There are 4 protein chains.
Amino acid sequence: MGIRERKERERERRRQQIIVAAKRVFSDKGFNKSTMEDIAKEAELSPGTLYLYFKNKDELYASLSLRILQYLIIRLEHVNGNNEMDPIQKVEALNEAMFDVYEFDPLIIINMFHLQSSETLKNLSDELLREIEDLSRKSLGVIAGIFQEGIDKGVFIDEHPIALADIFWSLFSGVILWESSKSIINGNKDYLRDTLKIAFEVFVRGLKKA
Amino acid sequence: MGIRERKERERERRRQQIIVAAKRVFSDKGFNKSTMEDIAKEAELSPGTLYLYFKNKDELYASLSLRILQYLIIRLEHVNGNNEMDPIQKVEALNEAMFDVYEFDPLIIINMFHLQSSETLKNLSDELLREIEDLSRKSLGVIAGIFQEGIDKGVFIDEHPIALADIFWSLFSGVILWESSKSIINGNKDYLRDTLKIAFEVFVRGLKKA
Amino acid sequence: MGIRERKERERERRRQQIIVAAKRVFSDKGFNKSTMEDIAKEAELSPGTLYLYFKNKDELYASLSLRILQYLIIRLEHVNGNNEMDPIQKVEALNEAMFDVYEFDPLIIINMFHLQSSETLKNLSDELLREIEDLSRKSLGVIAGIFQEGIDKGVFIDEHPIALADIFWSLFSGVILWESSKSIINGNKDYLRDTLKIAFEVFVRGLKKA
Amino acid sequence: MGIRERKERERERRRQQIIVAAKRVFSDKGFNKSTMEDIAKEAELSPGTLYLYFKNKDELYASLSLRILQYLIIRLEHVNGNNEMDPIQKVEALNEAMFDVYEFDPLIIINMFHLQSSETLKNLSDELLREIEDLSRKSLGVIAGIFQEGIDKGVFIDEHPIALADIFWSLFSGVILWESSKSIINGNKDYLRDTLKIAFEVFVRGLKKA
DNA sequence: AATGAATGAGACTTCATTCAT
DNA sequence: TATGAATGAAGTCTCATTCAT
C-alpha cells in the first residue's frame with residue numbers, strides 16, 4: 001500500500017467519524033438546531049477540522065444521507081438478488097428491509113426530504129449533487145425491478161414499475177412521517193408498527209392481479 | 001355595522017394579508033430560510049407590525065396551517081355528507097378534494113409536518129395548540145368516517161377505520177412530498193398527478209373486500 | 001372662571017391622572033421594563049395621548065419625581081414651621097416625615113437617583129430641569145434650616161448646615177436602598193425599620209454638642 | 001508553565017480586557033444605554049467574542065461588580081488585621097479604604113444596587129449568584145467585625161454590629177450616590193470629599209460610648 | 001383633543017465559517 | 001493536518017414615538 005493510498009484511507013476514516021457524530025447530533029436536535037460545534041464536540045474534533053472534510057454544513061448533511069442511502073441499496077439489492085422468493089415475498093422483504101434501515105437511522109426519511117430544499121441544493125457541490133441523484137435513482141431502480149418481475153410473472157397488475165416503486169417509497173415514508181408527527185402530540189409510538197403492517201397488507205392486495 | 005365590528009373586520013383583513021404574504025415567502029424559501037423581514041417586505045408592512053398580529057414566527061407559521069386545515073375540513077365534510085355516493089366513490093372524491101386543497105396551497109403537506117417539531121410547539125400559545133389538535137383530529141375523524149361506512153356496508157376490508165384514515169393521509173402526503181422532492185432535481189411536475197392516480201387505484205383495490 | 005382657565009385645569013387633571021398611573025407602573029416594574037403602553041393602559045388612555053402631555057418617557061418619569069418632591073417639601077416645611085419642638089425633636093420629626101413619604105411612594109429614593117443619569121437629563125426640557133433643581137435645592141434648604149436652628153441654639157455641633165442636610169438625606173436614602181437591595185436576596189423586610197431607627201439614633205448622638 | 005496553564009492565563013487576560021472596557025462604557029452611559037456593541041468596540045473585539053467569555057450582558061455586568069468587590073474585601077481585611085489600631089482608628093481606616101476603592105472604580109456603588117434587580121438576578125448563573133452573595137456577606141462581615149471589636153472593648157455603644165455595618169455601608173454609599181447625583185447638576189465634585197469627612201465624624205461621635 | 005395602528009431603528013444573541021498558530 | 005479563538009453578518013423581537021383619522 002503506497003503512502004498516498006494510506007493517507008487516502010486515513011482521510012476516509014476521519015470523514016466517517018464525522019458523519020457518525022453528525023448523525024447522532026442531527027437525530028437528536030434536527031438540522032437547524034444542531035450547530036457545527038455540537039457535531040465537532042461529538043466527534044471529539046474542533047470545528048475547524050470539520051471544514052477540512054466537508055465544504056459546509058449542508059454538504060455534511062447531504063453526505064450523511066448519502067451514506068445511509070448506500071446502506072439502503074445494499075439491503076435492497078440483497079432482497080432483489082434472492083431467487084428463492086416469489087414477487088410477493090420480495091415486496092414483503094422489501095418492507096422489512098426498509099424498516100430495518102429506518103430503525104438503524106430514523107433520520108433517513110427526514111433526510112431525504114431535507115435534501116429537497118432548493119436552498120440546500122444550492123450549497124452542494126456538483127459532484128455531491130450528482131452522486132445523490134445517482135444513488136437515489138439507483139435505489140428506486142432496484143425497487144422498480146422487483147415490481148417489474150412481479151408484472152412479468154403476471155402476479156402484479158400491469159402498471160409502470162417505476163410508478164409502483166415511487167408509490168411504495170411514498171407510502172413507507174408517508175406513514176413514518178405521519179405517525180412520528182402524531183406521536184409527538186399523542187406520545188403513542190407502538191402504533192407505527194401496526195399501521196405500517198396494515199398499510200402494506202392493503203398495498204400488496206391492491207397490487208395483485210385479480 | 002358597529003364601529004367595533006368594522007375594526008374587527010379590518011383587523012382580520014390585515015391578518016389575512018400577512019398570512020398570504022407569509023405563505024408566498026415560506027413556499028419560496030422554506031421556514032428556516034424565511035425571515036420575518038422577508039415576510040414584512042412581501043406584505044408591504046414593517047417587521048414590527050407582524051408582531052401586532054402574531055406572537056412570533058412559529059405562531060405565524062402555525063396560523064397559516066390552521067387556515068388551510070379549515071378549508072380542508074370543509075371539503076372533506078362536503079364529501080362525507082353526500083349521500084348519493086357509495087363508499088368507493090367517496091374515497092375517490094376524497095382523493096380529488098385533497099388534491100384540490102393541495103393545489104390551492106401546496107405548502108399544506110409540509111406545514112403539517114413542520115408542526116411536528118416540539119421546538120415549534122413550545123412557542124405556540126395554548127389556544128392555538130388546542131385549535132390545531134382539534135382540527136387535526138377532526139379531519140382525520142371525517143376521513144375515518146368514510147372508511148367506517150365502507151366497512152359497515154361490507155364493501156371494505158375489516159380494519160380499524162382510524163388506521164385506514166392514517167394510511168390514506170400518509171399515502172397522499174407521502175406521494176406529494178416524494179414527487180415534489182424528486183421534481184426539484186428532475187423538474188418533472190406532471191408525473192405527480194399520474195402517480196397519485198395509480199396510488200389510489202392500488203389503495204382502493206387493496207381496500208375492497210374480496 | 002374663564003374658559004381658558006377651565007381648560008388649563010382640565011389639562012392639569014389629565015396630567016395627574018397619567019402621573020398616578022406611571023407611578024404604579026414604574027413602582028411595579030422599574031423604569032426600563034415599563035413601557036409607555038403599560039402606562040397608557042393603566043391610565044386608561046392611548047399611548048399617543050401620553051405624548052400630548054409629556055414630551056417623552058424620561059420627562060414623564062421626571063415629572064413623577066417632581067410631584068413627590070413637592071409633597072416632601074410640604075411635609076418638611078410643616079416640621080420646620082412647628083415652633084413647639086426643639087431642634088432634636090425636629091430632627092426626629094424629620095425622620096418620621098421622610099419615612100412617611102417613603103411609605104407613600106417607595107420609588108422616591110430610586111427616582112431621585114435615576115434623575116442623576118446624564119443620559120436622562122439630556123432628554124429633559126430646560127424648564128423641567130430647572131424646576132427639579134429648584135425643588136431639590138429647596139427641600140435641602142428646609143432641612144438645612146432645621147440644622148441651622150440647632151447650631152444657633154448651641155445644641156448641635158458647629159458644622160455647615162447644608163452639609164448636615166446632605167448627610168441626613170444620604171443616610172436616609174442609603175439605608176433605604178441598601179436594605180431594599182439586601183431584602184431581595186434575604187427576603188427580610190422588617191429589618192429596614194430597625195436599621196433606620198438605629199441609624200438615626202447614632203446620627204443624632206453624633207450631632208449633639210458635647 | 002504548561003500549555004494549559006498558559007491558555008488559562010491568556011483567557012483570564014482577555015476576560016479582564018473585556019471587563020475593563022465594559023467598566024468604561026457602563027460608567028459613561030449606565031447599564032441600559034450601554035450596548036454590547038459599544039463594549040465590543042471599546043475592547044476592540046467583535047460582539048460575538050464577548051459571548052465567549054460572558055453568558056450575557058447581565059453576567060458581564062455582575063462580573064464587573066464581583067471584581068471590585070474582591071478588591072474591596074482585600075482592603076477591608078487589611079484594615080481589620082492591623083492590630084496596632086484602636087477601634088476608632090479602624091473605622092477611620094475603613095472610611096479611607098472605601099474611598100480608595102470608590103476612586104479606583106466609582107461604579108462600585110451603582111453596581112451594588114443594580115445587582116438588586118430581580119430581573120438581573122434571573123439571568124445570572126447559579127455559580128455567579130452564589131459568589132456574589134458570598135462576597136457581599138463576607139465584606140459586611142469584616143466591617144461588622146470591626147464594630148464588634150469596638151463594642152467588646154467598651155468603646156462603642158452596645159448595638160448589633162451587623163446593623164452598624166449596614167449603617168456604615170449605607171451612609172457611605174448614600175453620600176456617594178447623593179453627591180454624585182447633585183454634582184451632575186452642580187458640577188461640584190470636590191464637595192464630596194468634605195461631606196464624607198463630616199459624615200464620618202458625626203457617625204463616629206454617635207458611635208462612641210458616652 | 002384623543003386614538004392606536006404602524007413604524008423602524010436598534011438591542012441582544014447565535015453560529016457558520018475563517019485563519020493564525 | 002488540526003486547532004479553536006475570533007469574527008461579523010444576520011435573525012428575532014421590542015418599544016418609544018409618530019401620524020392619519
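Quick note on labels: first sequence line is chain A, next is B, and so on, each numbered from 1. What you are looking at is a predicted structure, and each value in this text was computed from that prediction instead of being measured.
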Are A:E12 and A:R15 ion-paired here, with the side-chain N under 4.0 Å from a carboxylate O? yes

For a side-chain hydrogen bond (donor to acceptor under 3.5 Å, both in side chains) with D:S125, tell me which candidate from D:R130, D:E59, D:K55 qualifies. D:E59

Quick one: which protein N/O atoms are closer than 3.5 Å to N/O atoms of nucleotides 19-21 of chain E? Pair and distance per line, please.
none

Heavy-atom count check: over 12 atoms from other residues, nucleotides or ligands less than 6.0 Å from B:Q17 CD? yes

Establish, with yes or no, whether the OP1 or OP2 oxygen of F:dT1 is under 4.0 angstrom from a side-chain nitrogen or oxygen of A:R14. no

When rounded to the nearest 0.5 angstrom, what distance separates CG in D:L66 from CG in D:L124? 10.0 Å

Looking for any heavy atom pair under 4.0 Å, which part of the strands does B:L50 touch: base, sugar-phosphate only, or nothing? nothing

Where the side chain of D:S46 is defined as all heavy atoms beyond and including C-beta, which of F:dT7, F:dA2, E:dT17 is the nearest nucleotide? F:dT7

Classify the ring geometry between A:F31 and A:Y61 as parallel (under 30°), tilted (30 to 60°) or perpendicular (over 60°). perpendicular

Which nucleotide wins on minimum distance to the side chain of B:T35, given the candidates F:dT1, F:dT12, E:dT7? F:dT12

Candidate nucleotides F:dG8, E:dT3, F:dG4, ranked by approach to the side chain of C:T49 - the nearest: E:dT3

In terms of heavy-atom contacts, does CD of D:E131 have more than 12 from other residues, nucleotides or ligands at under 6.0 Å? yes

Compare the minimum distances between each of F:dT17, E:dG4, E:dC12 and the side chain of D:Y51, then state the nucleotide with the smallest one. E:dC12

Can you tell me how far P of E:dG8 sits from CD1 of B:I39, to the nearest Å? 18 Å

Give the rounded distance in Å between these two atoms: CG of B:N56 and P of F:dG11. 17 Å

Here's a test of your reading of the structure: between C:L45 and D:K55, which maps to the more 5' nucleotide of DNA chain E? C:L45

Could you check how far CD of B:E37 sits from C1' of F:dA10, rounded to whole Å? 10 Å

Whole angstroms only, please: what is the CG-P distance between D:L60 and E:dT13? 10 Å

Under 3.5 Å, is there a donor-acceptor pair between the side chain of B:N123 and the main chain of B:N56? no

Send over the distance from B:E8 CD to E:dA5 P, rounded to a whole Å. 11 Å

For the side chain of D:M36, counting heavy atoms from C-beta on, which of F:dT17, E:dT13, E:dT7 is nearest? E:dT13

Measure CZ/D:R15 against C1'/F:dA6 and give the value in whole Å, please. 17 Å

Heavy atoms only, 4.0 Å cut-off, all strands: where does D:Y53 land among base, sugar-phosphate and nothing? sugar-phosphate

How does DNA chain E look in dot-bracket form if you count Watson-Crick and G-U pairs under 3.5 Å, write [ ] for pairs that cross, and put | where a base pairs with another strand? .||||||||||||||||||||

Distance-only donor-acceptor hits, side chain of residues 39-48 of chain B, under 3.5 Å, sequence neighbours excluded:
unit_1 : atom_1 : unit_2 : atom_2 : d
B:E42  : OE2    : B:R24  : NE     : 2.5
B:E42  : OE2    : B:R24  : NH2    : 3.3
B:S46  : OG     : B:T49  : OG1    : 3.2

Considering only side-chain heavy atoms of C:L52, which listed nucleotide, E:dG4, E:dA2, F:dT3, is closest? E:dA2

Whole angstrom is fine here: how far is it from CD in B:E44 over to P in E:dG8? 13 Å

So does A:R13 pair up with A:E10, basic N to acidic O under 4.0 Å? yes

Which value, rounded to the nearest 0.5 Å, describes the distance between D:K23 atom NZ and D:R67 atom CZ? 6.0 Å

Mind calculating the distance between CZ (C:F54) and C1' (F:dA16) to the nearest angstrom? 16 Å

Over all strands shown, is D:R11 touching base, sugar-phosphate only, or nothing at heavy-atom distances under 4.0 angstrom? nothing

